[in-house]
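In this text, all values refer to a predicted model and were calculated from it rather than measured experimentally. In what follows, residues are counted from 1 in the order of the sequence shown. Read the numbers this way: they start at 1 and go in the same order the structure lists the ligands and their atoms.
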Amino acid sequence: MSTARRVPTAILISGRGSNMVALIEAARAAEFPAEIVLVAANLPDAGGLQRAAAAGIATASVDHRPFGKDREAFERALDAELQAHGIELVALAGFMRVLTPWFVTRWQGRLINIHPSLLPDFRGTHTHARALEAGVAEHGCTVHFVVPELDAGPTILQAKVPVLPGDDEASLSARVLEQEHRIYPQALALVASGAARLEDGVAIGR
Ligand code: GAR
């Protein structure tokens, strides 16, 4: 059995949590450098919470709605959960809240996200529909360090897929999602082991 320290990690979700499941499964291996100790959602009915609980992972729900427009107050409540669980690394997996500079700065270099496009193309939402509309030949996904500017952080890993004749949003998103499940665990391992890190706003060692 490995004796290396595993970095206590939280996954933040808003929905079904298929990337979360991919991370939890990868982290079952004793030699995986991150340990998933918490899954937290901003919506109490996020489907991924039940999947996480079924996998034996602690869950928390911090509903953003009672906080209204005060994003930072919501994030302070979320941050309190992360602190309470001794979290050192945070992986966003379909977490659909824009984070304030307060939270991003606090977790700088220890906060990663997966985005369903080849960044810097198609930041924001509806990436598959916009890729089809633009007529690109290649699409894909990106794992990146989170910085205050939305979907603009340095890339850790990317995977490309072809856009095929006859593709619609469903077929294209399914092809991309398969790659998300492959690269997100790899990227988390790179960051948790220190092989990839954020230095002076640039991703080093990937
Ligand atoms: C994934 O495709 C992820 O890349 C995307 O949401 C989906 C969540 O699916 N994230 C974003 O769009 C972030 N802006 P999942 O809940 O099954 O992992």
Side-chain angles (χ1 to χ4, degrees), residues 9-27 34 36 38-55 57 59-64 71 74-75 78 89-101 103-104 107 111-134 136 138-161 163 167-189 191:
T9 299
I11 305 173
L12 303 188
I13 61 167
S14 298
R16 64 189 170 184
S18 74
N19 277 289
M20 172 206 77
V21 169
L23 296 177
I24 289 172
E25 286 183 352
I36 311 301
L38 176 69
V39 170
N42 65 304
L43 292 169
D45 58 355
L49 285 175
Q50 283 185 10
R51 298 173 84 176
I57 311 280
T59 62
S61 97
V62 182
D63 194 335
H64 67 276
R71 286 180 183 270
F74 159 68
E75 291 170 358
L78 184 60
L89 187 54
V90 176
L92 307 180
F95 185 72
M96 303 309 276
R97 299 295 297 168
V98 173
L99 294 165
T100 68
F103 188 90
V104 173
W107 287 92
L111 179 60
I112 63 176
N113 179 46
I114 188 152
H115 183 78
S117 78
L118 295 173
L119 291 172
D121 293 342
F122 309 117
R123 294 176 181 177
T125 54
H126 306 296
T127 57
H128 308 305
R130 287 159 58 211
L132 288 168
E133 174 70 24
V136 293
E138 282 186 320
H139 186 45
C141 52
T142 305
V143 182
H144 62 94
F145 285 107
V146 177
V147 298
E149 190 184 343
L150 186 67
D151 299 331
T155 294
I156 301 162
L157 287 178
Q158 258 184 347
K160 290 181 181 172
V161 301
V163 179
D167 262 341
D168 58 13
E169 231 180 303
S171 62
L172 185 56
S173 68
R175 193 174 308 121
V176 171
L177 194 63
E178 202 175 307
Q179 295 304 312
E180 294 187 39
H181 297 164
R182 186 177 65 79
I183 67 167
Y184 207 2
Q186 292 177 2
L188 175 60
V191 175

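- A donor-acceptor pair is defined here as one N or O able to donate and one able to accept, closer than 3.5 Å; no such pair exists between the side chain of Arg123 and the backbone of Ala152.
- In terms of protein heavy atoms, atom 12 (O) of ligand 1 is closest to Pro116 CD, 3.4 Å.
- Each of Leu188, Ile112, Val90 was compared with Thr9 under the side chain to side chain contact (heavy atoms under 4.5 Å, CB included) criterion, and only Leu188 meets it.
- Set against the non-hydrogen atoms of Asn19, the atoms of ligand 1 under 4.0 Å away are 1 (C), 15 (P), 17 (O), 18 (O).
- Protein heavy atom in closest approach to atom 14 (N) of ligand 1: His115 ND1, 3.8 Å.
- Between Gly15 and ligand 1, not a single N/O pair is under 3.5 Å apart.
- Ring geometry for Phe95 versus Phe74: interplanar angle under 30°, hence parallel rather than tilted (30 to 60°).
- Which of Gly94, Ser18, Ala22 comes nearest to atom 15 (P) of ligand 1 through a heavy atom is settled by distance: it is Ser18.
- Heavy atoms of Ile114 approach ligand 1 to within less than 4.0 angstrom.
- Protein heavy atom closest to atom 16 (O) of ligand 1, with residue, atom name and distance, is Gly17 N, 2.9 Å.
- Counting only N and O atoms by type, the side chains of Asp167 and Ser171 include a donor and acceptor under 3.5 Å apart.
- Residue, atom and distance of the protein heavy atom nearest to atom 13 (C) of ligand 1 are Met96 SD, 3.8 Å.
- The backbone N or O of Gly140 sits nowhere less than 3.5 Å from a side-chain atom of Arg175 that would complete a donor-acceptor pair.
- Considering backbone and side-chain atoms together, Glu180 places an N or O closer than 3.5 Å to an N or O of ligand 1.
- Checking His115 against Thr127 by side-chain atom types alone, no donor-acceptor pair falls below 3.5 Å.
- For the side chain to side chain contact (heavy atoms under 4.5 Å, CB included) criterion with Val39, the lone passing option out of Leu12, Ile11, Leu23 is Ile11.
- Ligand 1 has a nitrogen or oxygen under 3.5 angstrom from a nitrogen or oxygen of Arg16.
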